[in-house]
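Heads up, the thing below is written out as structure tokens.
Small disclaimer: the values here were computed from a predicted structure and weren't measured.
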Amino acid sequence: MSAAVTPETRESSSMNHRQIIQAMSGLMAGMFVAILASTVVANALPRIITDLHGSQSSYTWVVTAELLAMTATVPVWGKLSDLYDKKVLLQLSLSMFVVGSLVAGFSHSVTVLIISRVLQGIGAGGLTALAQVVMASIIPPRELGKFSGIFGAVFAVGTVAGPLIGGVLVDTSWLGWRWCFFIGVPFALLAIFLLQKTLKLPVVRREAKIDYLGAFLIMAGVSALLLWVTLGGSKFDWVSGPSAALVLGGAALIALAVLVESKVQEPMIPLSIFRNRTVSLTTVASFLVGVAMFGGTVFLSQYFQISLGKSPTIAGLMSLPMILGLMVSTTVAGQLISRRGKWKAFLVAGGIIMTAGMCLLSTIGAGTSFLVIAPCMAVLGIGVGMLMQNLVLAAQNDVPAAELGAATSTLSFFRSLGGAVGTSALGAVLSHRVASELEKGFGSSASGGGDGAIPDLTTLPESARVIVENAYGVATGSVFLAGAPFALLALIAVIFIKEKPLKTKSGLERLAEEGEEQPPVVPVH
């Protein structure tokens, strides 16, 4: 049945600049929480894994668990937004984030920590899916660049502040790494309050079925393949029964998920949306950016602390060049796109610069000066900053208003999936290279290697410490070398995207004007 376009609906579909800014305050606070929770722990992870007697695989899975949970739940949150108030869903996702943070802060084992990261990932999935859908609903694509720049600045501040705060907390004896998880709770509560006060959206209510089977099959299939990448070559041989079981099982589950998605009335990932060339190419590029960015950068803090022997606080300071590069490029690109209405050049330039940054960082080692590393990190940050938000902008601009949620959640899903795959796959590269280098240094008696416990350098004799530092330095360079082809493929994908003029009306305004088969809209004031 066609939706009636009532005067109330039309009125609610347009917000003035002041109302938009007020609504954005809650969204930005929520995104700041998600960013802070992931970055504040970056410099603390080596200490956390050591204190909890974890391994290199544990280090990887503490990161991957959140990414995987976020990836699997993004489409679910997007579908729930078709049924319920987006504001309530945002507040619910923040509440789950709070619960996950509290559980993580009180963890006494790696297993509990990983479970808590899953809870945080579910909350982050809601923030990732819904924040961008809400932005596209209230802001025209032509103006999105300006606000994407603001979000980029918030992203940069959270990313800069996170490692620094985390380093200080870890190095402060009367606080410790547990406060890395507790510190985000007040910000999450503030975001919930601001959303309640400022965000006014019409609620879309319609009959819809959530494809839980599809979501389960996607998560199970991806998890099986991630387990194979993480454990292959260490817990079992690459060519072995367990390898075959995980690969064939994962492939079968994903194939079954595709079959289910093609049959159900309302799939988690609508396959029809990939008929749009822009959506298809931006999805591929988002996946590859996720692989290169998350997979390459998540191990930098470990490199600074283990290979260069820096404290968590200093490691946080050393990440500034990449974050500042990202902040500047995101903000400047967003402003220029809104002013000129042209966006493809920034995507192509971002792909070129990101690939160059990955190649430059592939040359680092234990003896590399920070004066050499810093500009390489800045180059990578500039490239990533030009790509991330603008890929979403390009897709949102080229789909009907009724498909904004599907397009946005699909891109978020594949970017998160790329991050999970990249972290796991490149984590395996690092683990295996560390094992190889330790074996060279210590001889065949070296045990554990990349899959053994992460070493505490303060307890090692000088000769052993040098070998470990070199192993992690060489291995980190190998991680960026393995990630560079993914960055190059992302560049190739964006080259084939066709540039289209940016629309000048918000998603709600376009939805009210399209007059297509739409669900009835109930204004909420």
Check whether any side-chain N or O of S431 sits under 3.5 Å from a backbone N or O of G427 as a donor-acceptor pair, and report yes or no. no
If we only count heavy atoms from C-beta on, is the V379 to C376 side-chain gap below 4.5 Å? no
Please examine the side chains of L102 and V185, heavy atoms only from C-beta on, and report whether any two atoms are closer than 4.5 Å. yes
Checking S307 side chain against F304 main chain: does a donor-acceptor pair fall under 3.5 Å? no
Just grab all the side chain to side chain donor-acceptor pair (under 3.5 Å) pairs involving residues 163-172, residues at least two apart or on different chains. D171-T313
Taking atom CZ as the centre, does F496 end up with more than 12 heavy-atom neighbours from other residues, nucleotides or ligands that are less than 6.0 angstrom away? no
Gap separating the CG atom of L130 from the CG atom of L27, nearest 0.5 angstrom: 9.5 Å
Measuring only between side-chain heavy atoms, which start at C-beta, is W343 closer than 4.5 Å to I497? yes
Results of side-chain hydrogen bond (donor to acceptor under 3.5 Å, both in side chains) for S107 - residues two or more places apart only: none
Closer than 3.5 angstrom, by distance alone: can the side chain of W179 be matched with the main-chain N or O of W174 as a donor-acceptor pair? no
Heavy-atom pair of closest approach, residues L426 and A482: CD2-CB, 3.7 Å
OG1 on T355 to CE on M358, rounded to 0.5 Å: 8.5 Å
What distance do S116 atom OG and L113 atom CG have between them, rounded to the nearest 0.5 Å? 4.5 Å
In this structure, is the centre-to-centre distance between the rings of F106 and F182 below 6.0 Å? yes
Where G365 and L308 come nearest, the two heavy atoms and their spacing: O-CD2, 4.3 Å
The criterion is side-chain hydrogen bond (donor to acceptor under 3.5 Å, both in side chains); which residues satisfy it with E261, sequence neighbours excluded? none
Heavy-atom side-chain contact between L127 and L90 under 4.5 Å: yes
Can you name the side-chain hydrogen bond (donor to acceptor under 3.5 Å, both in side chains) partners of N470, sequence neighbours left out? none
Which residues share a side-chain hydrogen bond (donor to acceptor under 3.5 Å, both in side chains) with S362, sequence neighbours left out: none
Distance in Å, I314 CD1 paired with Q305 CD, rounded so as to fall on 0.5 Å steps: 10.5 Å
Hey, could you give me the CG/CG distance between L248 and L253, rounded to the nearest 0.5 Å? 11.0 Å
Give the intermediate values and the outcome of side chain to side chain contact (heavy atoms under 4.5 Å, CB included) for residues F299 and I306. CA-CA 11 Å; F299 301 106; I306 296 181; over 6 Å; no
Side-chain contact test, heavy atoms from C-beta onward, threshold under 4.5 Å: evaluate it for L391 versus L347 and give yes or no. yes
When you measure from the side chain of T330 to the backbone N and O of G385, does any donor-acceptor pair fall under 3.5 Å? yes
With R178, which residues qualify under salt bridge (Lys or Arg N to Asp or Glu O under 4.0 Å), at least two apart? none
Tell me, do Y303 and I373 make a side-chain contact under 4.5 Å, heavy atoms counted? yes
Return yes if some donor-acceptor pair links the side-chain N/O of S436 with the main-chain N/O of R433 below 3.5 Å, else return no. no
Just wondering, more than 12 heavy atoms not from F346 lying within 6.0 Å of its CZ? yes
Steps toward side chain to side chain contact (heavy atoms under 4.5 Å, CB included) verdict (L393, N390): CA-CA 5 Å; L393 172 64; N390 294 328; 4.2 Å; yes
One pair to check against side chain to side chain contact (heavy atoms under 4.5 Å, CB included): I122 and W77. What are the steps and the verdict? CA-CA 9 Å; I122 294 173; W77 286 108; 4.2 Å; yes
Walk me through whether T476 and I364 qualify under side chain to side chain contact (heavy atoms under 4.5 Å, CB included). CA-CA 7 Å; T476 304; I364 65 176; 3.9 Å; yes
So do the side chains of L360 and L380 get within less than 4.5 Å of each other, counting heavy atoms only? no
dist F181:CZ -> R117:CZ (nearest 0.5 Å) comes out at 5.5 Å
Hey, is CZ on F216 packed in by over 12 heavy atoms from elsewhere, all under 6.0 Å? no
Side-chain heavy-atom pair I218, I254 within 4.5 angstrom cut-off: no
